Every structure is written in C-alpha cells, then in structure tokens.
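Only one structure is covered here, and it is reproduced in the block below.
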Amino acid sequence: MAARRPSMDEYFLELARVVGLRSTCLRRKFGAVIVKDGVVLSSGYNGAARKVKDCLEVGLCLKDAVGAPHGEGYDVCPAVHAEANAIVNAARSGVSILGGTMYLYGQDAQGRVVEGKPCTFCRRLLINSGIEKIVFKREDGSLGYYDVKEWVRDESLDHQRKIQQYTGKG
C-alpha cells in the first residue's frame, strides 16, 4: 500500500519546520515560508539581524536572563521574527508576495510544536505585505488558519477603541 501523500498545506508546513531549524534562538525555533500558486517565493527563520551576534554564538538568551515571558521582552532580544525575515528576504530579492500565503511553524527548545501566533508588529507587516492567509500548526497537530482581512478589521476596531479611550472622541 502506498504511503499517504501530504496535502499542500502539510507539505509547505513541513518546509517551514525545516527552515525553522536554522533559527539561532535558544527558546523557540520558528520557520516561515511564503507561497503563491504552489511556488515557494521566500522563507525566513527567527534569529538576530544579519551579521549581529546571535544567542547561539553568545550562549545566552537575554530574554531568559531578564525573566521575560514569551511574547514580551522584545526590547532586549536581538531577534527578527521568522515572518518578518521571510518578508524581508522576498524584498531583498525583488519578489512580489502580494496575494501569497505564509506557512508558519514553531517549536520550543524540546521540539514540541508551538502554535504560530504572529505578534502585533508581525501582523502589521503581514497586512502591509499583501499576504492573504497564514497557515500554522496547532499544538494538537491540527492545522490553523488566519485570514489577514480579519486582522485589518481587528486593527481598525482596536484603533477606534484607543481613540475613544485616550481622547474621549470617536
């Protein structure tokens, strides 16, 4: 009997997993692959900016050193997120990612799946880049999907709430 052939989403998530193995982060390894019409356009992993000493070289995670929980401590961490690196790598090589899909795969230091939840900054980059959908692996092994149009709506509502909160107008 023939082995089951992975779906396209599973295939591209596996590529993102392998890309993430290049990560220089001691806490979590994330890989991102941008695809359009079944063709890989770009990839990126989380790690220090180009030519900047990274945590593997230094042998220390600054976020761990200061006790920053996951999702915080970006001001002490030298890393660029996988999503941002994939977008930057496309731009560096002159590749349009407009209308593309990003596949995002993460794992912790023990190799367990970490659900891909782009931070606020990466969400905004993804909105501006023209990526339309993000596919990620959930901790239970199932696939999850984000529709970037929903983020646009959420960002607009959040902005309106902040205007009301800080100015009393709106």
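For the numbers below, each heavy atom of this structure counts, side chains included, while hydrogens, waters and symmetry mates do not. Given the structure is predicted, the values throughout are model-derived calculations rather than measurements.
- One N or O on the side chain of Glu10 and one on the backbone of Ser7 form a donor-acceptor pair closer than 3.5 Å.
- Here the CZ-CG distance, from Arg153 to Asp158, works out to 12.0 Å after rounding to the nearest 0.5 Å.
- No more than 12 heavy atoms of other residues, nucleotides or ligands shown are found within 6.0 angstrom of CG on Asp37.
- Counting only distance, with no hydrogens or angles, the side chain of Glu72 and the backbone of Pro69 share no donor-acceptor pair below 3.5 Å.
- Checked against Tyr103 for a side-chain contact (heavy atoms from CB on, under 4.5 Å), the options Leu15, Ile134, Val19, Val35 give a single hit: Val35.
- Residues Val95 and Leu98 do not share a hydrophobic cluster, defined by chaining ILVMFWY side chains whose heavy atoms lie under 4.5 Å apart.
- Within 6.0 Å of CZ on Arg138 lie more than 12 heavy atoms contributed by other residues, nucleotides or ligands.
- In this structure, the side chains of Cys119 and Tyr74 come closer than 4.5 Å at one or more pairs of heavy atoms.
- Shown here for Ala68 and Gly73, the closest heavy-atom pair between the two residues is CB-CA, 3.8 Å.
- To the nearest 0.5 Å, the span separating CG on Asp108 from NZ on Lys29 amounts to 11.0 Å.
- Here the side chains of Phe136 and Leu143 are not in contact, with every heavy-atom distance at 4.5 Å or above.
- Side-chain contact between Cys55 and Leu62 is absent, with no heavy atoms from C-beta onward closer than 4.5 Å.
- Nearest heavy atom pair, residue Tyr11 against residue Pro6, reads N-CB, 4.3 Å.
- Side chain of Ser23 to backbone of Asn46: a donor-acceptor contact under 3.5 angstrom is found.
- A heavy-atom distance below 4.5 Å is not found between the side chains of Gln107 and Val113.
- Nearest heavy-atom pair, Val40 versus Phe12, reported as atom, atom and distance to 0.1 Å: CG2-CE2, 3.7 Å.
- Nearest approach of Pro118 to Leu104, heavy atoms of both residues: CG-CD2, 4.0 Å.
- A heavy-atom distance below 4.5 Å is found between the side chains of Glu155 and Thr120.
- Within 6.0 Å of CZ on Arg5 lie no more than 12 heavy atoms contributed by other residues, nucleotides or ligands.
- Distance NZ/Lys149 to CD1/Ile127: 12.5 Å, rounded to 0.5 Å.
- In this structure, Ser42 contributes its side chain and Ala90 its backbone to a donor-acceptor pair below 3.5 Å.
- Residues Val135 and Leu41 do not share a hydrophobic cluster, clusters being chains of Ile/Leu/Val/Met/Phe/Trp/Tyr side chains in contact below 4.5 Å.
- Neither Ile131 nor Tyr145 shares a network with the other; the hydrophobic side chains, linked directly or stepwise wherever heavy atoms of I, L, V, M, F, W or Y lie under 4.5 Å apart, form separate groups for each.
- More than 12 heavy atoms of other shown residues, nucleotides or ligands fall within 6.0 angstrom of atom NZ in Lys36.
- In the hydrophobic cluster analysis, where Ile, Leu, Val, Met, Phe, Trp and Tyr join through side-chain heavy atoms closer than 4.5 angstrom, Tyr105 is grouped apart from Val18.
- Nearest heavy-atom pair, Asp147 versus Glu132, reported as atom, atom and distance to 0.1 Å: OD1-O, 3.8 Å.
- By the rule that hydrophobic residues join a cluster once side-chain heavy atoms approach within less than 4.5 Å of another member, Val148 and Val33 end up as members of separate clusters.
- Across all their heavy atoms, Gly59 and Leu26 have their closest contact at C-CD1, 4.1 Å.
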Quiz: residues 79-89 side-chain donor-acceptor pairs under 3.5 angstrom, not counting sequence neighbours:
from: Asn85; atom 1: ND2; to: Tyr45; atom 2: O; distance (Å): 2.7
from: Asn85; atom 1: ND2; to: Val80; atom 2: O; distance (Å): 3.4
from: Asn89; atom 1: OD1; to: Arg50; atom 2: NH2; distance (Å): 2.6
from: Asn89; atom 1: ND2; to: Ser43; atom 2: O; distance (Å): 2.8
from: Asn89; atom 1: ND2; to: Asn85; atom 2: O; distance (Å): 3.2

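- Other residues, nucleotides and ligands contribute at most 12 non-hydrogen atoms within 6.0 Å of the CZ atom of Phe121.
- Residue Leu13 holds its CG atom at 6.5 Å from NZ of Lys137, rounded to the nearest 0.5 Å.
- Checked by atom type and distance alone, the side chain of Lys63 never pairs as donor or acceptor with a backbone atom of Cys77 at under 3.5 Å.
- Under the side chain to side chain contact (heavy atoms under 4.5 Å, CB included) criterion, Arg28 pairs with Phe30, His70, Val114, not counting sequence neighbours.
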